[in-house]
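Okay, structure first, notes after.
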Amino acid sequence: MTSITFGSFALPVSPIILMFSLMIGLLVVGILGRKQSISVGDSLVSIVIYSLVVGRIVFVVKFFDSYDSLWQVLDIRDRGIDTFSSFIAGFLILLLQIHRHPQQRKILITGAATTVLLFTSIQGIINAGNEQSALPNLAFDTPQGASVNLQHVSNQNITVINLWASWCGPCRREMPVLYSAEQSFPNVKFIMLNQREPADVVTEFLAEIDLHFNYVLLDSKGDIATMMGAHGLPMTLFYDENGEMVSSHFGEVSAASLQAELQNLTQNSTQ
């Protein structure tokens, strides 16, 4: 599962898990604080916010060349955050809060631990389920009518599958990003898997944007989206050279987020 649907809206899972974990953490500190007449909720929220800000800053610095404008830097919808830096920053801010307010120590540690453990546990379970997904042994038609098997395209290479449609605004915006990455990472196979659109619509759209991907395929029934539990578009799936899915990105992928995923995959493949 990579997204959760609310009516006609589909949202990525990770931010929802974080909000849920923080709410439980606040509930815990609220109960404990009420017993001792201590308010700790603001301190816990501050720790989470500051740790995320630090993680975002570190991520932007690491992939600064991938950003074209200040708006892209501020646009956190790409979920580009350096997890390790966020954890370290959160830990240091926790120590600072405890030093300033020693009476909050036990309650704040309990709340922070609850938030972190709940988030990592739920996210770990979801990731474990996703990572068990192997590259499907399925064949799809090209807009020209030829049948192409996903595993044959991958051929033991790192593979990126992008689920998209021409009516999808975020899909259209991320197309140049994916095309640029295909040029920059020639050893990575990019498969642009259109969802539920006829060949003539896809052909007309590709001519309009004038981007010539190596592999454009038609998933006329939305089989991959159904298989992955994707309730919206776009969605990008990342497979290692063994054909195992290692991560996924629901929503528009930025140049920085895509570069981070590909660098991680290519570095791991050389070790």
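Side chains are part of it too, since the values below use all heavy atoms of this structure and drop only hydrogens, waters and symmetry mates. For clarity, every value in this text was computed on a predicted model and none was experimentally measured.
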(request) Tell me, please, which residues at least two apart from S166 pass side-chain hydrogen bond (donor to acceptor under 3.5 Å, both in side chains). (result) E197

Distance-only donor-acceptor hits, side chain of residues 37-46, under 3.5 Å, sequence neighbours excluded:
| residue | atom | partner | partner atom | Å |
| --- | --- | --- | --- | --- |
| S43 | OG | Q104 | OE1 | 3.2 |
| S46 | OG | D42 | O | 2.9 |

(request) Verify whether one side chain among S254 and S257 offers a donor that lies under 3.5 Å from an acceptor in the other. (result) yes

(request) To the nearest 0.5 angstrom, please state how far the CD1 atom of I109 sits from the CG atom of L32. (result) 12.0 Å

(message) My understanding is that only residues two or more places apart in sequence, or in another chain, count here; which of them pass salt bridge (Lys or Arg N to Asp or Glu O under 4.0 Å) with D219?
(response) none

(message) Does either side chain, that of Q72 or that of D78, offer a donor lying less than 3.5 Å from an acceptor on the other one?
(response) no

(request) Quick one: list whatever passes ring-ring contact (aromatic ring centres under 6.0 Å, His included) with Y50, sequence neighbours left out. (result) none

(message) Going by the rule side-chain hydrogen bond (donor to acceptor under 3.5 Å, both in side chains), which residues pair with T115 if we only count those two or more places apart in sequence or in a different chain?
(response) none

(message) Show me the pairs that pass side-chain hydrogen bond (donor to acceptor under 3.5 Å, both in side chains) and involve residues 199-211, at least two apart or across chains.
(response) R172-E208, D210-H212

(message) List the residues meeting side-chain hydrogen bond (donor to acceptor under 3.5 Å, both in side chains) with K62, not counting sequence neighbours, and say none if there are none.
(response) D82

(message) Considering only residues two or more places apart or on different chains, which pairs with a residue in residues 60-95 satisfy ring-ring contact (aromatic ring centres under 6.0 Å, His included)?
(response) F59-F63

Scan the side chains in residues 176-192 for donor-acceptor partners under 3.5 Å anywhere in the protein, sequence neighbours excluded, and list what turns up.
| residue | atom | partner | partner atom | Å |
| --- | --- | --- | --- | --- |
| E182 | OE2 | N214 | N | 3.4 |
| Q183 | NE2 | Y179 | O | 3.4 |
| S184 | OG | S180 | O | 3.0 |

(message) The criterion is ring-ring contact (aromatic ring centres under 6.0 Å, His included); which residues satisfy it with Y215, sequence neighbours excluded?
(response) none

(message) When you measure from the side chain of H99 to the backbone of P102, do you find a donor-acceptor pair of N or O atoms at a distance under 3.5 Å?
(response) no

(request) Before accepting this row, confirm whether a basic side-chain N of the pair D223/R196 lies closer than 4.0 Å to the acidic partner's carboxylate O. (result) no

(request) Taking ring-ring contact (aromatic ring centres under 6.0 Å, His included) as the test, write out the residues that go with F119, two or more places apart. (result) none

(message) Run the side-chain hydrogen bond (donor to acceptor under 3.5 Å, both in side chains) test against S51 and tell me which residues pass, sequence neighbours left out.
(response) none

